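Chain letters run A, B, ... following the sequence lines, proteins first and then strands; every chain starts at 1. As the structure is a computational prediction, the values presented were derived from the model and not from experiment.
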There are 2 protein chains.
Amino acid sequence: MRKNTKDEIIRTTAKLIQEKGYVGTGLKEIIEQSGAPRGSIYYHFPDGKEQIALEAVKWTREAVRSFIQEELSKHEDALIAIQSFILDSADRFEKNRYFVGVPIAALILETSSTNDNLRKSCEGAFETWSLEFMKKLQENGYKESIAKKLGTIINTMIQGALVAALASKHAESLRTTAGILPLIFSQQSLQK
Amino acid sequence: MRKNTKDEIIRTTAKLIQEKGYVGTGLKEIIEQSGAPRGSIYYHFPDGKEQIALEAVKWTREAVRSFIQEELSKHEDALIAIQSFILDSADRFEKNRYFVGVPIAALILETSSTNDNLRKSCEGAFETWSLEFMKKLQENGYKESIAKKLGTIINTMIQGALVAALASKHAESLRTTAGILPLIFSQQSLQK
DNA sequence: GTCTATATTCGGATAGAC
DNA sequence: GTCTATCCGAATATAGAC
């Protein structure tokens, strides 16, 4: 029935970190919401809370990566593909508040100056996602250096838009971000 | 005697929230680092931690607002003024890690789904800062609706760049953001 | 693999003296 | 305005039975 207790703990932790942050998420709550056996936490994660968070980051990184990949494959054109990825994300944000990818930003702001392990793993997630945008751009003929820069910018803009969306409780900032992408592409594309 | 005991608590809290987040910041640490008398916390802030955080947000909002205003007044041209504001911020980020304005994003991600008072005050801070950019743009002849939209976008991009900067521990994302502003302005300005 | 019980530390908050 | 003492709950983590 349950695929795996361990996976369920990881997934629940990713969700809870998004809602309440890293410090604000208690092991007690992880156990309750995941339905995991109370005594199994330190069996699966001997290093405790940090280890769970690191695996939650890894899980989030891959979940978002494959989601980006899937969405981008729906359109040939990189600009249109990335735009519709962002617009889809906006819809998701409004439907249920759970949006994978946010917990990474939360972790960074909480731990960037106190826990270098977590900070580095979050940095890696950002790089992974930027790379997906970059690959799509290269498929469209952008040369490597431009594609890399644009990929990073896009990821950064999305993160900012997500923070703004959480602050205002609506996804307009994401839609606006999608809307200004053509302006950035139009000039950069001259350097293809 | 020290009229600034209260102010010192507020300022210290703003700094600590940036470093460790809202939940991660303890009253004990606030007292220690601010040098405030131990027994004075609940005298000055009868509503406890949340009240201190709310005042820290207000303080940060105004500190950043006047900093933006001051920086933008150094150049006539809105694009150049905003660009140099962002570049100055990048320098500050690298010199000492303390950068006012970040604690707001930290608070949003931690409390957006658990504490509506704090969320709203953070939203207000974003609006205040966006308004400063908007005013500068209007002085440059942008019509209100365009200026407002651009002001919001700029604030959003800066927030995203800050998250990326904290993740990577360098300010390149801020400089890149300054670099792509002309692309956004160049087209939007047609609608002056 | 899972459970219970517990150790230990720490959080925010209150009461009352001065 | 400030201090000390203290409460209460919650946090992470460990030990050892089953």
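Between B:E132 and B:R65, at least one side-chain nitrogen of the basic residue sits less than 4.0 Å from a carboxylate oxygen of the acidic one, meeting the salt-bridge criterion. Using a 4.0 Å cut-off between a side-chain N of Lys or Arg and a carboxylate O of Asp or Glu, A:R175 and A:D91 qualify as a salt bridge. Ion pairing between a basic and an acidic side chain is recognised when a charged N comes within 4.0 Å of a carboxylate O; A:D116 and A:K120 show such pairing. A salt bridge does not link B:K58 with B:E62: none of the charged nitrogens is closer than 4.0 Å to a carboxylate oxygen. Under the 4.0 Å criterion applied to side-chain N and carboxylate O atoms, B:K20 and B:E29 are assigned as salt-bridge partners. Contact check on B:R119 versus B:E110 returns no salt bridge, with no Lys/Arg side-chain nitrogen under 4.0 Å from an Asp/Glu carboxylate oxygen.
Between the OH atom of A:Y43 and the C1' atom of D:dG16 there is a distance of 16 Å, rounded to whole Å. Atom C1' of nucleotide D:dA13 and atom NZ of A:K28 are separated by 16 Å, given to the nearest angstrom. When the C1' atom of C:dG1 is taken as reference, atom CD1 of A:I9 falls 11 Å away, rounded to whole Å. The nearest whole Å value for the distance from the CG atom in B:L27 to the P atom in C:dG12 is 4 Å. Separating the CD1 atom of B:I52 from the P atom of C:dG11 is a distance of 14 Å, rounded to the nearest angstrom. Between the CZ atom of B:R38 and the P atom of C:dA13 there is a distance of 17 Å, given to the nearest Å. When rounded to the nearest whole Å, the span between CD1 of A:I41 and C1' of D:dT12 equals 11 Å. Note: CD1 (A:I31) to C1' (D:dA10) measures 13 Å, nearest angstrom.
Computed from C1' positions of five pairs at each end, the angle between the two local axes of the helix from C:dG1-D:dC18 to C:dC18-D:dG1 equals 0°, rounded to 10 degrees.
A:I30 contributes atom CD1, which lies 12.0 Å from atom CD of A:E8 (distance to the nearest 0.5 angstrom).
Taking only side-chain atoms of B:Y42, from C-beta outward, the nucleotide of C:dT14, D:dT2, D:dA13 with the closest atom is C:dT14. Distances were taken from every side-chain heavy atom of A:K49 (C-beta onward) to each of C:dT2, D:dT2, D:dA13; the shortest belongs to D:dA13. Checked against D:dC3, C:dA13, D:dA11, the side chain of B:P37 finds its nearest nucleotide in D:dC3. Among the nucleotides C:dC3, D:dT12, C:dT2, the one closest to the side chain of A:H44 is C:dT2. Which of C:dC3, C:dT2, D:dT2 sits closest to the side chain of A:T5 comes down to C:dT2.
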